[in-house]
Each structure stands twice: as structure tokens, then as C-alpha cells.
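Beneath this line is the structure, given in C-alpha cells, with notes to follow.
In this text the structure is predicted, and so the values were computed from the model without any measurement. Atoms within a ligand are numbered from 1 in the order they appear, just like the ligands themselves.
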Amino acid sequence: MSMSMPMPTLLLLLLLLHGHGGAGAGDICIVGSGISGSSTAFFLTNYTTALSGAQLRVFERRAKVGGRLATVTVAGDHFEAGGSIIHPQNLHVRRFADLLGLAAKADGDDDWLGIWDGRRFVFQTLRPLPPGTSWLRRKLHALVNSLRLFKRYGLSLLKMDRFVQEMLQRFMLYYNGFESRPVFDTVEEMLKWSGLYGLTRRTLEAELLDAGLNSQTISELVTVITRINYGQSASISGLAGAVSLAGSESGLWAVKGGNWQLAAGLLKAANATLHLQEGIDSIEYAGDNYILKSNKGHEYSCVATVVATPLDEVNITFSPPISIPARKTQHTHATFVRGILNPKFFGLSSVSDIPELIGTMEVPEIPFSSISILKKYSEQDMTYKVFSRVKLNDSLLDQIFSRRKETIRINWPAYPHYEAPEVFAPIILDDKQLYYVNTFESAASAMETGAVAAENVARLLIARLRLPLPSRPAAPDHHDQRADL
Ligand SMILES: Cc1cc2nc3c(=O)[nH]c(=O)nc-3n(C[C@H](O)[C@H](O)[C@H](O)COP(=O)(O)OP(=O)(O)OC[C@H]3O[C@@H](n4cnc5c(N)ncnc54)[C@H](O)[C@@H]3O)c2cc1C
């Protein structure tokens with residue numbers, strides 16, 4: 001006798017097994033394929049034996065993964081358009097690159113920096129030496145540069161360095177093993193544990209004045225750095241400011257071929273199911289699971305959902321509604337120009353007198369935050385990256401540049417507009433299984449902070465879903481680079 005099931009029962013069973021739109025009931029869904037979403041996927045599959053990559057769905061509304069990690073092509077050459085530099089002590093990203101076999105590209109330490117006040121360069125480091133210069137001359141050159149900086153900014157330089165090192169030392173606690181590092185329910189708890197919370201309560205300027213820096217160093221050097229890294233003044237909150245200052249240290253690097261490969265590699269390593277060009281329009285709690293509706297008209301049923309994108313300028317409808325504090329977004333307009341700068345704009349007679357990295361002071365009349373040379377084709381033909389807070393129109397660009405062959409503009413919803421004291425959205429958005437990685441961006445926005453926040457969310461989700469841990473937990477042991485993907 002054959003056991004045949006009546007068709008309607010079979011259909012019902014299939015529907016129950018596969019949820020509303022094809023996803024299994026045990027799926028974990030991640031919205032966003034930037035470094036936060038991709039590292040959440042990576043840590044989830046590394047930290048529990050209960051999840052296979054196939055159960056991880058990552059939704060990305062754009063055609064490419066990486067989010068704010070993206071390259072731009074100018075005259076056939078690729079350049080970082082968003083997140084560019086990685087600090088040598090960013091251990092998660094370092095480990096990702098090593099595990100994924102991605103090569104590092106050093107970011108030159110000897111930029112010829114000029115600080116522009118709208119009328120003149122108030123300070124300049126020395127021009128870089130030509131390639132092939134002897135070791136001795138290079139050492140002397142570095143020494144003279146240090147003396148120049150010391151002459152202008154004095155002991156403030158050492159105090160600034162101490163301030164950054166103290167922040168980094170505390171940040172390193174986030175790499176401790178599981179046994180000495182709790183899982184955090186809130187960003188406040190996470191920051192208080194490492195001793196970094198206080199820095200989010202006051203402005204960078206107030207912190208640096210307390211640390212003994214003089215006001216000239218803050219209005220020139222510090223402001224140049226915060227304007228380059230966050231498009232904002234030294235009145236940003238202290239932790240974001242300290243992270244920004246760390247981005248001016250030596251030993252910085254980037255992934256050869258583009259930092260976006262980190263996100264692509266992590267998603268591949270996690271074996272996650274990637275839904276490209278599929279934006280999530282709504283997330284609805286439906287009893288035991290979440291129903292995610294996409295702009296392709298599909299529905300997915302997920303036991304837990306991780307939001308890995310800032311919600312400030314993203315239109316996702318939550319049901320029931322969630323409550324998060326308002327956060328302003330700082331837009332950075334990245335303008336890529338192949339051409340040549342106009343020396344007259346800077347009151348100079350020759351292009352060769354214009355520093356290779358132009359940083360700016362907080363003067364409202366200055367229309368850009370920074371200009372840097374990305375590639376020199378010849379003395380009269382270069383590719384530049386200009387950062388500004390507002391769009392630079394053609395007539396303004398024609399004053400700044402004497403010739404433009406190609407211009408590409410990107411308007412980034414770049415990072416939070418930092419205002420101390422910072423308030424943080426919850427990590428658990430609904431007391432259930434809805435998580436928000438990018439609440440941590442209110443502390444500081446960077447690739448590494450995204451990875452650190454994602455790692456905590458992965459641990460939190462595993463703990464709250466009571467998923468089993470592997471017998472030898474793959475805690476982030478940064479001395480052991482042999483961890484298996
Ligand atoms: C100009 C610029 C320069 C920077 N420089 C540096 C630097 O030098 N070093 C550094 O460490 N950091 C830098 N940063 C910051 C760094 O790039 C970011 O902090 C980091 O990349 C953020 O990653 P994320 O994954 O959290 O967010 P994102 O990269 O923004 O990823 C979110 C993803 O979610 C997708 N998404 C949004 N809504 C939906 C939806 N409804 N459905 C599906 N998908 C959705 C988005 O398309 C995006 O791909 C810079 C940023 C900018 C803009």
C-alpha cells in the first residue's frame with residue numbers, strides 16, 4: 001500500500017517549512033552587505049556550530065557589496081571612494097585580510113601636507129624626497145619634518161599622541177578572549193566596560209584642552225584631521241575625534257584592489273546567501289519570526305534579523321514601530337578630478353608649489369575640507385580627491401582647477417554628525433531578536449568599529465537564541481592567525 005499525501009496537506013506542509021517567501025523558518029537575515037553586515041555573517045558562522053551559511057540571508061539593495069567601501073574609476077584607474085585607510089591596530093580587519101588572502105597596500109607616511117586658512121598655507125611639511133633617495137637623507141628629512149612640526153605645535157604633539165594611545169589601549173580590550181569580555185546588550189555598557197564612554201560625553205576640543213593641547217594645535221592640525229576624516233570640526237564628540245586622530249598615524253594601509261573585497265570575501269567565507277539588488281522595505285514581527293518584505297515583492301521569514309545599515313536616512317518600515325533617537329548624517333561629497341589644480345586659487349605661481357595634501361581650517365569661506373593627489377601622471381596631469389560638505393559646482397571647480405579632463409561626484413551619507421553628549425539607539429531594537437549594528441557608529445564610524453560592533457551582535461544573537469558554541473570557541477585570537485575559514 002503506498003502512502004500518498006493529499007495535495008492540499010502537502011502544500012500546507014511545504015508552506016510551513018518554507019515560510020512565506022522561500023526562506024526556511026530557521027533563517028537569520030542581515031540587512032546590508034557593508035563591513036558590518038558581512039562581518040556579522042562571518043562571526044555568526046564562526047562562533048556557532050548550529051548555523052550553516054545557507055541559513056544566513058544577506059540583503060543588499062545595491063548591485064555591489066561593500067556599502068561605503070567602494071572604488072571609483074577615473075580614467076581607467078581605480079581609487080578608494082569611501083572608507084580608505086586602515087589603522088595597523090585594527091585587528092579584526094587585519095585578520096580578515098589575512099584569512100581572505102588579501103594583500104595590503106601601504107598608505108604613504110610622508111605626505112606633503114599644507115594647512116590652508118583660505119588665504120595662505122599657514123604651515124607646510126617638507127616636500128617628499130624623490131624615489132631612490134639614500135637612507136640617510138630620508139632619515140634627515142623625517143627629522144627635519146618632526147622638528148618643523150615641533151617648532152609650531154610644541155609639546156601638544158606629544159600630548160595628542162598620548163591621548164590617541166590611551167584611546168587605542170582601551171579599544172584593544174575589545175579583542176580580549178570570550179572569558180574576559182562580556183557580551184553587551186547596549187552600546188553604553190560596551191563603552192563603559194572599556195572606559196571609552198566618557199569620551200562620547202564631551203567634545204574632542206574639550207578633551208584635548210584638558211589633555212593640555214594648545215589652541216593653535218587644535219584649530220590647525222587637529223581640525224585638519226577631523227575635517228579630512230569626518231568632514232567635521234574639532235567640536236565632534238571625543239571618541240569619534242580620537243578615532244579620527246588615530247587615522248593620521250603612521251603604518252596605515254588599505255586592501256590592494258579595494259577595501260570592498262573585505263565584505264565580498266567575508267560573505268563568501270560565511271557561505272551566506274546573498275540577495276543583491278534586493279532592498280528590504282519592511283520588517284514585521286509575526287509572533288515567532290520576522291517577515292521581511294523586499295522591493296522585489298518577496299517575503300522572507302527569519303528567526304532573527306540584523307540591521308547592518310544606519311537607519312537615519314534609510315526607509316524601512318518596522319512593525320511594531322521601533323523607537324531610536326534622531327541622529328543627523330554628515331554628508332561628504334567626494335569629487336574626483338583628473339586635471340590640474342590652479343595655483344592662482346592658492347595665491348601661488350606654480351602648480352609644483354601646491355602641497356600634495358591640502359588640509360583646511362574651520363573657515364566658512366573655504367569650500368572644501370581637503371584635496372589630495374591620488375595619482376600623478378605628469379607635472380600637469382593628476383587625479384585628485386576633493387572632500388567637501390556640500391556639492392562643488394562646475395564654476396567653483398573651474399576656479400580651483402585650471403584644467404579638468406574628467407570629474408566624478410559621489411554624495412556619501414558618510415557618518416553621523418557627531419554631537420556630544422552622544423545618545424545611542426538600542427542594539428536590541430525590540431527586546432526580541434531584532435538587532436542593530438550601526439548604533440555603534442554614534443561612538444565612531446570606521447571599518448574596524450563596524451567589525452567590533454558586528455562581533456558583539458553575533459555573540460549576543462547566539463546567546464539569546466541559545467545556539468550552541470563550538471567545543472573550541474573561535475574567539476578572536478589575534479596571535480593565532482591559523483583560524484580556519
Ligand atoms: C568618504 C568616506 C571616507 C571614509 N574613510 C574611512 C577610512 O579611511 N577608514 C575607515 O575605517 N572608515 C572610513 N569611513 C567609514 C567607513 O567607510 C564606514 O564606517 C563603514 O564602511 C560602514 O560600514 P557599514 O557596513 O556599517 O555600513 P555601509 O557600508 O553603509 O553598509 C550598509 C549597506 O546596507 C545597504 N542597505 C541600506 N538599506 C538597505 C535596505 N533597506 N535593504 C538592503 N540593503 C540596504 C546599503 O546599500 C549598504 O551597502 C569612511 C566613510 C566615507 C563615506
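Taking the six-membered ring where tryptophan is involved, the planes of Tyr300 and His298 are perpendicular, since the angle between them exceeds 60° and thus also 30°.
Using a 4.0 Å cut-off between a side-chain N of Lys or Arg and a carboxylate O of Asp or Glu, Glu80 and Lys385 do not qualify as a salt bridge.
Pairs of residues two or more places apart, or lying in two chains, that qualify as ring-ring contact (aromatic ring centres under 6.0 Å, His included) and include a residue from residues 413-460 are Tyr230-Tyr415, Tyr230-Tyr418.
A donor-acceptor pair under 3.5 Å is absent between the side-chain atoms of Asp111 and the main chain of Leu113, judged by distance alone.
Protein residues having a heavy atom under 4.0 Å from any atom of ligand 1 are Val31, Gly32, Ser33, Gly34, Ile35, Ser36, Phe59, Glu60, Arg61, Arg62, Gly66, Gly67, Arg68, Leu69, Ala81, Gly82, Gly83, Ser84, Ile85, Glu278, Gly279, Ile280, Ala308, Thr309, Val314, Ile316, Phe387, Trp412, Ala414, Tyr415, Asn438, Ser445, Ala446, Met447, listed by chain and number.
Taking the ring pair (Phe, Tyr, Trp, His ring centres under 6.0 Å) definition, one finds that Phe346 meets it with Trp116, Phe121, sequence neighbours left out. In this view, Ile322 and Leu311, Phe318, Ile324, Leu429, Leu434 satisfy the side-chain contact (heavy atoms from CB on, under 4.5 Å) rule, not counting sequence neighbours.
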